Amino acid sequence: MQTIKIYDKEFTPYITDAEIQDKIKLLAQQLKTDYADKKPLFLSVLNGSFLFTADLFKHLTIKAEVCFVKLASYKGVSSTGNVITAIGLDTNLSGRHVIILEDIIDTGKTLHHFLPQLKTQQLASLKIAVLLNKKEALAYPVQVDYACFDIPNKFVVGYGLDYDGLGRNSKDIYQLKES
Ligand code: XMP
Ligand code: MG
């Protein structure tokens, strides 16, 4: 694997396709055990999670549904500031076992502002599964229930993750090169 360049930045190889696939298989195995008879509903957060979701889903040999959503923030009238809504959420979540799928959790801000809206909907349960967990960067009280990789607080691209729109279509994950 070689260093790649996207616009002005250089990225070095970090996690290989094979390592990613191994971890995703393990996660699928765990989810199959935990959700065997629960017909879970996966909420996959676009754009970054599309490859993660597709690969995970191929290994989930239990009854499961998936819904792709885009989280969009707007300045609501609420006094708390940012409100995040899920565009494309067309499924009734009441009584469902919901698992949010994210490519990466960084500060946790996005999910922290989105979770309260899910919690009003009488879910049977709610868990969060991420491919990459930037543990040190977490600044909001968000609990990550399943993580494939714990990574340091450095910018990464590839396997769905982008730098200014590019880099998503790489099988491997790359880390921003220290300058
Ligand atoms: P928060 O801070 O809300 O951020 O947890 C989560 C979102 O920030 C983006 N993000 C990244 N995207 N490489 C990326 O390509 C990264 O290293 C990175 N860190 C955060 C991402 O969109 C994620 O959903
Ligand atoms: Mg994302």
Side-chain angles (χ1 to χ4, degrees), residues 1-2 4 6 11 13-73 84-93 96-106 108 110-111 114-115 117-118 123-135 142-151 154-176:
M1 275 165 79
Q2 289 189 339
I4 56 166
I6 303 175
F11 295 85
Y14 183 46
I15 306 174
T16 65
D17 172 38
E19 289 167 331
I20 296 168
Q21 296 305 325
D22 282 352
K23 288 283 188 183
I24 289 178
K25 279 181 205 159
L26 286 176
L27 174 60
Q29 209 55 48
Q30 184 68 51
L31 291 170
K32 275 158 68 176
T33 307
D34 295 354
Y35 289 88
D37 301 310
K38 295 182 170 160
K39 200 178 71 173
L41 171 66
F42 289 88
L43 280 193
S44 171
V45 180
L46 292 171
N47 293 324
S49 303
F50 72 112
L51 292 178
F52 174 42
T53 304
D55 284 337
L56 178 69
F57 227 64
K58 285 187 272 188
H59 298 293
L60 270 181
T61 51
I62 53 170
K63 264 189 201 150
E65 293 179 28
V66 64
C67 178
F68 289 88
V69 297
K70 195 140 193 170
L71 298 187
S73 66
I84 307 271
T85 50
I87 298 169
L89 183 51
D90 54 3
T91 311
N92 182 5
L93 303 182
R96 300 300 304 269
H97 292 278
V98 174
I99 303 157
I100 295 177
L101 292 181
E102 265 278 30
D103 50 350
I104 188 165
I105 182 155
D106 191 324
T110 316
L111 288 183
F114 174 56
L115 294 179
Q117 288 153 73
L118 288 183
L123 311 187
S125 68
L126 177 63
K127 302 271 183 194
I128 296 171
V130 301
L131 180 70
L132 305 172
N133 188 13
K134 277 191 184 171
K135 267 187 162 173
V142 174
Q143 189 191 323
V144 176
D145 301 287
Y146 303 95
C148 291
F149 298 93
D150 288 331
I151 64 165
K154 290 184 183 168
F155 193 80
V156 289
V157 294
Y159 194 70
L161 293 122
D162 71 302
Y163 169 52
D164 224 355
L166 294 182
R168 295 191 198 275
N169 53 336
S170 158
K171 286 185 179 180
D172 309 293
I173 292 175
Y174 291 77
Q175 191 177 61
L176 181 63

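Heads up: numbering here begins at 1 and tracks the sequence. Since this is a predicted model, take the numbers as computed values, not measurements.
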For the student: nearest non-hydrogen atoms of [X] and [Y], plus distance:
X    : Y    : result
E19  : F149 : O-CZ, 3.5 Å
F57  : A64  : CZ-O, 3.7 Å
L60  : K32  : CD2-CG, 4.1 Å
Q2   : P13  : O-CG, 3.7 Å
F52  : A129 : CE2-O, 4.1 Å
L101 : T53  : CD1-OG1, 3.7 Å

[atom2] on [Y] to [atom1] on [X], rounded to 0.5 Å:
X    : Y    : atom1 : atom2 : answer
L43  : I100 : CG    : CD1   : 6.0 Å
Q29  : D34  : CD    : CG    : 11.0 Å
K135 : I105 : NZ    : CD1   : 12.0 Å
Y146 : I99  : OH    : CD1   : 6.0 Å
L118 : L89  : CG    : CG    : 7.0 Å
L41  : L126 : CG    : CG    : 10.5 Å

Is it true that a side-chain atom of [X] and a backbone atom of [Y] form a donor plus acceptor pair closer than 3.5 Å?
X    : Y    : value
D145 : I128 : yes
R96  : K39  : yes
Q117 : I84  : yes
D172 : D17  : yes

Determine, step by step, whether N169 and L51 satisfy the side-chain contact (heavy atoms from CB on, under 4.5 Å) criterion, reporting the C-alpha distance in whole Å, the side-chain angles of both residues, the deciding distance to 0.1 Å, and the verdict. CA-CA 9 Å; N169 53 336; L51 292 178; over 6 Å; no
Please walk me through it: do V45 and T110 pass side-chain contact (heavy atoms from CB on, under 4.5 Å)? CA-CA 11 Å; V45 180; T110 316; over 6 Å; no
Y159 and side chain to side chain contact (heavy atoms under 4.5 Å, CB included): which single residue from I15, D103, D55 fits? D55
Heavy-atom distance under 4.5 Å between the side chains of [X] and [Y], does that happen here?
X    : Y    : result
I151 : V156 : yes
N47  : K70  : yes
K134 : D106 : yes
R168 : F50  : yes

Look at the rings of F11 and F155 and say which category their plane angle falls in: under 30° parallel, 30 to 60° tilted, over 60° perpendicular. tilted
Can you check side-chain contact (heavy atoms from CB on, under 4.5 Å) on Q21 and T16, steps first, answer last? CA-CA 9 Å; Q21 296 305 325; T16 65; over 6 Å; no
May I have the step-by-step check of side-chain contact (heavy atoms from CB on, under 4.5 Å) for I20 and C148, ending in yes or no? CA-CA 8 Å; I20 296 168; C148 291; over 6 Å; no
Within a reach of under 6.0 Å around CG of D164, are more than 12 heavy atoms found that belong to other residues, nucleotides or ligands? yes
